[in-house]
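Whatever order the structure lists ligands and atoms in, that order sets their numbers, starting from 1. Keep in mind the model is a prediction, meaning the values are calculated, not measured. Numbers here simply count residues along the sequence, with the first being 1. What you see below is based on every heavy atom in this structure, not just the backbone, and it leaves out hydrogens, waters and symmetry mates.
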Amino acid sequence: MKKPESLSEFSIISRFFSDGMLADKQKSSNILLGVGDDCALLQMNNNQAMALSMDTMVAGRHFPEQAPPEDIAYRAVAVAVSDLAAMGADPLAFTLGLTLPDSNENWLERFSRGLRSAANNFNISLIGGDTTKGSLAITVQVHGLLPENKKILRSGAAPGDTVFVSGYLGDAATALAVLNDDASVDDETRRYLCNRFYRPQPRIALGQALLPIASAAIDISDGLLADLGHIAEASGLGATIYADRLPISTTVAKLVDDKKAINHALIGGDDYELCFTASSSSRETLQQISSRLGITITEIGEMNLSDNVRCIDQSGVEIQTDITGYQHF
Ligand code: ADP
Ligand code: MG
């Protein structure tokens, strides 16, 4: 018998969860945005919008089973908050769905410490959740607020817009590769890479500062090519990015060759930096934001009328990567 073809994560979402599940017109008129972007948006009475997003982390898939509980908790909240940042929303509150194999007091104590530290750093309150027994998995639903009539969607990019990214790309993928290997890396390098993977910094302040500037934004969870691909698709455009402009940290440059560094930056994922588009006339304002917030912002390419996202090298040859971003199916 022929094995049924497996559906991709995104076709599952669009085929089975995108249509026909809205309440009646009156109630659903308050849904400004449903399935398909970094967050859903609900209209509030005072003309603000509430941004909502949920992320699940499964042991053995999103993090090693034996990872430090403080880090697991911190990362689960950071990753969810990153979707708020990508919309320009201000984090307000989160709920926690926790599935645990057993009730180990020491583990829970440490998990709770990581959770508290994330809640404090991102200025967001834990307001509820659910606790069950099973294989270790953590789901965080975040709620954030957007000022009146302001938001950054994936769909707003225009042809000719410049593509920017925050921070450095490929750190988290390098962390996974290097930390799984017992390659001898010094303590400082190990600490930097562990932090970049387990303690991503959702770009909350940057997202909010981009509200009047960016035409589109996404957080890079699945790799630059895949995530910029979502902006391109939602905006009905394509994009060209330049390999020699990709921001690579000195740590990654020291550990792996150029080809690998570029590959990690393009398809690695897990960096939770923002990729956004804006008109080239915003360059100066962006430089000011960059120095005010102490976050590197790099111009890496531009949106165009093609129907794909490609990365080219200095001689204009397209870089070939193994896959385009992480997909669960
Ligand atoms: P992100 O990487 O930004 O967290 P995802 O790729 O997980 O976003 O999801 C893409 C879109 O599909 C989002 O709008 C999300 O809310 C929606 N989505 C994902 N899974 C489901 C589901 N099971 N039911 C409804 N919507 C879903
Ligand atoms: Mg996202």
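Using a 4.0 Å threshold on non-hydrogen atoms, atom 5 (P) of ligand 1 does not count as touching the protein. In this structure, atom 17 (C) of ligand 1 has protein heavy atoms in its sub-4.0 angstrom surroundings. The presence of a protein heavy atom under 4.0 Å from atom 12 (O) of ligand 1 is confirmed.
Scanning the protein heavy atoms around atom 25 (C) of ligand 1, the nearest turns out to be Phe17 CB, 3.6 Å. Of the protein's heavy atoms, Arg154 NH2, 4.0 Å lies nearest to atom 8 (O) of ligand 1. For atom 26 (N) of ligand 1, the closest non-hydrogen atom on the protein side is Val35 CG2, 3.5 Å. Considering only non-hydrogen protein atoms, atom 7 (O) of ligand 1 sits nearest to Glu9 OE2, 4.3 Å.
Under the 3.5 Å distance criterion, with hydrogens and angles disregarded, a donor-acceptor pair is assigned to the side chains of Thr240 and Asn304. Counting only N and O atoms by type, the side chains of Glu273 and Ser166 include a donor and acceptor under 3.5 Å apart. Judged purely by distance below 3.5 Å, without hydrogens or angles, the side chains of Arg116 and Ser112 pair a donor atom with an acceptor atom. Using modelled atom types and a 3.5 Å distance limit, the side chains of Ser11 and Ser8 yield a donor-acceptor pair. Asn46 and Gln48 are linked by a side-chain donor-acceptor pair at a separation below 3.5 angstrom, with hydrogens and angles left out of the test. Judged by distance alone, the side chains of Ser215 and Thr277 do bring a donor and an acceptor atom under 3.5 Å apart.
The Mg ion (ligand 2) sits nearest to atom OD1 when only the N, O or S atoms of Asp38 are considered. Residue Asp83 approaches the Mg ion (ligand 2) most closely through its N/O/S atom OD1.
A donor-acceptor pair under 3.5 Å links the side-chain atoms of Ser235 to the main chain of Arg154, judged by distance alone. Judged by distance alone, with hydrogens and angles left aside, the side-chain atoms of Ser279 form no donor-acceptor pair with the main-chain N or O of Asp161 at under 3.5 Å.
Of all the heavy atoms of Met87, none lies under 4.0 Å from any atom of ligand 1, so neither backbone nor side chain is involved. When heavy-atom distances to ligand 1 are checked against a 4.0 Å cut-off, Ile13 comes that close only through its side chain, counted from C-beta outward. Residue contacts with ligand 1 for Asp37 involve N, CA, C or O but no side-chain atom from C-beta outward (heavy atoms, distance under 4.0 Å).
Residue Ser82 is tested with Asp219, Asp271, Asp55, Asp38 for a side chain to side chain donor-acceptor pair (under 3.5 Å); the sole match is Asp219.
The atoms of ligand 1 that sit less than 4.0 Å from any heavy atom of Ser221 are 2 (O). The ligand atoms of ligand 1 that sit less than 4.0 angstrom from a heavy atom of Asp55 are 4 (O). Residue contact check: Gly36 has heavy atoms under 4.0 Å from atoms 11 (C), 13 (C), 14 (O) of ligand 1. Those atoms of ligand 1 with a heavy atom of Phe10 less than 4.0 angstrom away are 6 (O).
Using bins of under 30°, 30° to 60° and over 60° for the plane-to-plane angle, the ring pair Phe276/Phe164 lands in the parallel bin.
At least one N, O or S atom of Asp219, from either the backbone or the side chain, sits less than 2.8 Å from the Mg ion (ligand 2).
A salt bridge is absent between Arg199 and Glu70; no separation between the charged side-chain nitrogens and carboxylate oxygens falls under 4.0 Å.
In terms of polar-atom proximity, Ser53 is not counted as a contact of ligand 1, lacking any N or O under 3.5 Å from an N or O of the ligand.
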